[in-house]
Amino acid sequence: MADDILHEIMEQRLEKLRELSAQGRNPFEITRYDRTHLAAEIVERYGELEGKTVKVAGRIISRRGQGKVTFCHVEDRSGRLQLFFRFDDLGEEAYGQLKLMDIGDIVGAEGHMFTTRTGEISVHVARFTILAKSLRPLPEKWHGLKDVELRYRQRYVDLIVNPEVRETFVMRSRMVSAIRTLLDGKQFLEVETPMMQAVPGGAAARPFITHHNALDIDLYLRIAPELYLKRLIVGGFERVYEINRNFRNEGISTKHNPEFTMIEVYEAYANLEDMMRLCEEIFVAAALQARGTLQVPYQGATIDLTPPWKRMSLFEALEHYGQVDTSKLLDFASAKRLCQGMGVHVDERATLSTLINNLFEEFVEEHLVQPTFITDFPTAISPLAKRRSDNPEFTERFEVFVSGRELANAFSELNDPIDQRQRFEDQLRDKAAGDEEAHPMDEDYVRALEYGMPPTGGLGIGIDRLVMLLTDSASIRDVILFPQLKPEKGEVIEDEEA
RNA sequence: GCGCCUGUAGCUCAGCUGGUAGAGCAACGGACUUUUAAUCCGUAGGUCUAGGGUUCGAAUCCCUACGGGCGCACCA
């Protein structure tokens, strides 16, 4: 806050800034600096650069002064490099400038390449310029920034001082890029569909509500792009995908952030089998990009992503791991009795879906460490999936579990408009019975299906969870740059309208 | 929403059954012309998250609030 009393350290640094300005060297007036090399390039190509002059720029992250000679490390996006300053070379005035430079400052330096006595590749600085003054002290170099609250709130500091954090987000970006490359190569089209929707569909979740003033209507932040992407299949795109945020107004945990990133892929003339192969391919592409191997360490275990992955139906899994009598799981009343009989928690708001989910979490999930397709979900909990032709009580659907966690969900898409309308109506009955997350009716979506949608396979993968897996991160907050936290004091905007 | 843990200097942490706050790093001053967690000497730095209470006396014990972590519930 501007009215806070400035701390002593900041006051000292402001004084240095004033001194620089007085010398006509106000760093904040500088607009560019021409680098010749990045730090990592220099180290890599030292053989040809030795003795040559280079210009580098970055943040000063350490300093070892030794009287008439000073060593610093400067860090740019590629890595770090040592700078060597010597009184005899720089002269009194330039060497004296070092007094005005602090750890954290952004500096440009020019000089020839050499190796110090201890063998470190360094720039023998002939000229340097402070390009931006850092007024706040950085956390300590040795222990870094550990306070998780500060790490999430001030991610910029976390990124400066904790290199593995930077590495995680670089890997995230490269994984997403690898997925795009894979899909683009298969002639999928990346599209963008509405974030603000009048009917929040495509998943079972509570939405965020927002308001459009000019139209004077409430809109919902999307909980999934699914129904719009399938409209595009109707429209003839045949292969589409979207990588973007979904918003769900639910609890926050190590596995849940209110906004999270999903990829959804739809392919016409493809079915569940095709989605299984595509899912495996996407995981493989991301893993090879991020780790260069399909044997990935996760929280002490080793996950083998080599296809083909294990397959097991939902009910097989319940019978196998929990000795659950799955014949009782086709309607709510008997499922409820079964759960009560087995001592499994039955919430007041429980639905058939949540009961099956509870049983699954209780008995099965923890066992699914290696990647596994769980298939054949009941139709009652899969309102957008096509029925199995051999048993209409079940759908052609799978979810992927790795390390006890759901990472993907896919089905052969329901393209029969008559059945789809019926399923929505069933959902409306659930809603009337108190299921807040029952899928709403979407008349326009049914209308789209009435024009005819080819048989289509669809796949959704939670990108954040995939990144967690491939970066060995325990919390979703470690793979989201700015995870949702309660606002800091003074950060809440007071409602000034009315 | 519930339970457990947690909040001390810019950062990382000590501070025992209550006696009014300490280290390392960072900072500031000094020495040091190839260091790398540089070293050595010196200096400064705190409404102990906030507000109540108990007490002669509270960072410490109690209550409340706020923030954060983990687990549960909800969900992906």
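Every chain is numbered from 1 and lettered A, B, ... according to where its sequence line falls, protein lines coming before strand lines.
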Item to check | Base-paired stems that RNA chain B participates in, counting runs of 3 or more Watson-Crick or G-U pairs under 3.5 Å | outcome: B:1-7 with B:66-72, B:10-13 with B:22-25, B:27-31 with B:39-43, B:49-53 with B:61-65

Checklist entry - Should the ring pair A:F85 and A:F128 be called parallel, tilted or perpendicular, given that the plane angle runs from 0 to 90° and is split at 30 and 60? => result perpendicular

Next on the checklist: Using a 4.0 Å heavy-atom cut-off, does A:G144 contact any base of the nucleic acid, only the sugar-phosphate backbone, or nothing at all?
Outcome noted: sugar-phosphate

Checklist entry - Between the base of B:rU34 and the side chain of A:Q66, is there a donor-acceptor distance below 3.5 Å? => result no

Checklist entry - Side-chain N or O of A:R136 less than 4.0 angstrom from OP1 or OP2 on B:rC11? => result no

Checklist entry - Any side-chain heavy atom of A:F482 within less than 4.5 Å of one from A:R153? => result no

Item to check | Touch class at under 4.0 angstrom, heavy-atom based, for A:A203 against every strand present | outcome: nothing

Next on the checklist: Below the 4.0 Å mark, does B:rC70 have OP1 or OP2 next to a side-chain nitrogen or oxygen of A:T254?
Outcome noted: no

For nucleotides 46-48 of chain B, list the nitrogen or oxygen atoms of the protein found under 3.5 Å from its nitrogen or oxygen atoms, one pair per line.
none

Checklist entry - Do any side-chain nitrogens or oxygens of A:R86 fall under 4.0 Å of OP1 or OP2 in B:rU34? => result no

Checklist entry - Contact class for A:D147 (heavy atom, under 4.0 Å): base, sugar-phosphate, or nothing? => result sugar-phosphate

Next on the checklist: Measuring centre to centre across the rings, with the benzene-like ring taken for any Trp, is A:F84 within less than 6.0 Å of A:F71?
Outcome noted: yes

Next on the checklist: Does A:L150 reach a base, just sugar-phosphate, or nothing at all? Heavy atoms under 4.0 Å.
Outcome noted: sugar-phosphate

Next on the checklist: Does A:E140 contact B:rG10 through a side-chain donor or acceptor facing the base, at a distance under 3.5 Å?
Outcome noted: no

Item to check | Comparing A:T115 and A:N409 on RNA chain B - which has the more 5′ nearest nucleotide | outcome: A:T115

Next on the checklist: Atom CZ of residue position A:R25 - does it have more than 12 heavy atoms of other residues, nucleotides or ligands inside 6.0 Å?
Outcome noted: yes

Checklist entry - Is there aromatic stacking of A:F71 against B:rA38, centre distance under 5.5 Å, plane angle under 30°? => result no

Checklist outcome for this item: With sequence neighbours left out, the residues meeting side chain to side chain donor-acceptor pair (under 3.5 Å) with A:N358 are none

Checklist entry - Below 4.0 angstrom from OP1 or OP2 of B:rC28, is there any side-chain N or O of A:K16? => result yes

Checklist entry - Within the structure shown, what part of the strands sits under 4.0 Å from A:G251 by heavy-atom distance: base, sugar-phosphate, or nothing? => result base

Item to check | Contact under 4.0 Å: A:K141 side-chain N or O vs B:rA26 OP1/OP2 | outcome: yes

Next on the checklist: Taking side chain to side chain donor-acceptor pair (under 3.5 Å) as the definition, give me every residue that meets it alongside A:Y220, ordered by chain and number, with sequence neighbours left out.
Outcome noted: none

Item to check | Of A:E406 and A:D102, the one whose closest RNA chain B nucleotide lies more 5' | outcome: A:D102

Next on the checklist: salt bridge (Lys or Arg N to Asp or Glu O under 4.0 Å), that's the test. Do A:D376 and A:R397 meet it? Break it down for me.
Outcome noted: CA-CA 6 Å; A:D376 302 318; A:R397 174 180 178 189; over 6 Å; no

Checklist entry - OP1, OP2 of B:rA27 versus side-chain N and O of A:R13: anything below 4.0 Å? => result no

Item to check | Steps toward side-chain hydrogen bond (donor to acceptor under 3.5 Å, both in side chains) verdict (A:T193, A:E242) | outcome: CA-CA 8 Å; A:T193 62; A:E242 178 164 10; 2.6 Å; yes

Checklist entry - Looking across every strand, which nucleic acid part, if any, lies under 4.0 Å from A:Q154 by heavy atom: base, sugar-phosphate, or nothing? => result nothing

Checklist entry - With a non-hydrogen cut-off below 4.0 angstrom, is A:N257 in contact with a base, only sugar-phosphate, or nothing? => result base

Next on the checklist: Syn or anti for B:rU34? Use the chi torsion, O4'-C1'-N9-C4 for purines and O4'-C1'-N1-C2 for pyrimidines, with syn inside 90° of 0.
Outcome noted: anti

Next on the checklist: Are A:F360 and A:Y321 an aromatic pair, judged by ring center distance below 6.0 Å?
Outcome noted: no

Item to check | Atom-pair distance (CZ on A:R248; C1' on B:rA73), nearest Å | outcome: 18 Å

Next on the checklist: Taking side chain to side chain donor-acceptor pair (under 3.5 Å) as the definition, give me every residue that meets it alongside A:Y95, ordered by chain and number, with sequence neighbours left out.
Outcome noted: A:T70

Checklist entry - Taking the side chain of A:E250 as its heavy atoms from C-beta onward, which of B:rA37, B:rA76, B:rC11 lies nearest to it? => result B:rA76

Next on the checklist: If the cut-off is 4.0 Å, is A:R151 near the phosphate of B:rC11, judged by side-chain N/O to OP1 or OP2?
Outcome noted: no

Checklist entry - Hey, does A:R63 reach any base, or is it just sugar-phosphate, or nothing, if we go heavy atoms under 4.0 Å? => result nothing

Checklist entry - With a 4.0 Å cut-off on heavy atoms, is A:L485 in touch with a base, just the backbone sugar-phosphate, or nothing at all? => result sugar-phosphate

Next on the checklist: If the condition is side chain to side chain donor-acceptor pair (under 3.5 Å), which residues does A:Q484 pass it with, not counting sequence neighbours?
Outcome noted: none

Checklist entry - Are any of A:K99's side-chain N or O atoms less than 4.0 Å away from OP1 or OP2 of B:rG30? => result yes

Checklist entry - Which part of the nucleic acid, if any, lies within reach of A:E120 when heavy atoms closer than 4.0 Å are counted: base, sugar-phosphate only, or nothing? => result base

Checklist entry - Can you tell me if the side-chain N/O atoms of A:K486 get under 4.0 Å from OP1 or OP2 in B:rG67? => result yes

Checklist entry - Can you check whether A:F411 and A:F377 have ring centres sitting under 6.0 Å from each other? => result no

Checklist entry - NA contact type, A:F247, heavy-atom cut-off 4.0 Å: base, sugar-phosphate, or nothing? => result nothing

Checklist entry - Quick one: A:M101 CE to B:rA26 P, roughly how many Å, whole number? => result 14 Å

Checklist entry - Donor-acceptor pair under 3.5 Å: do we get one between A:R64's side chain and the base of B:rU35? => result yes

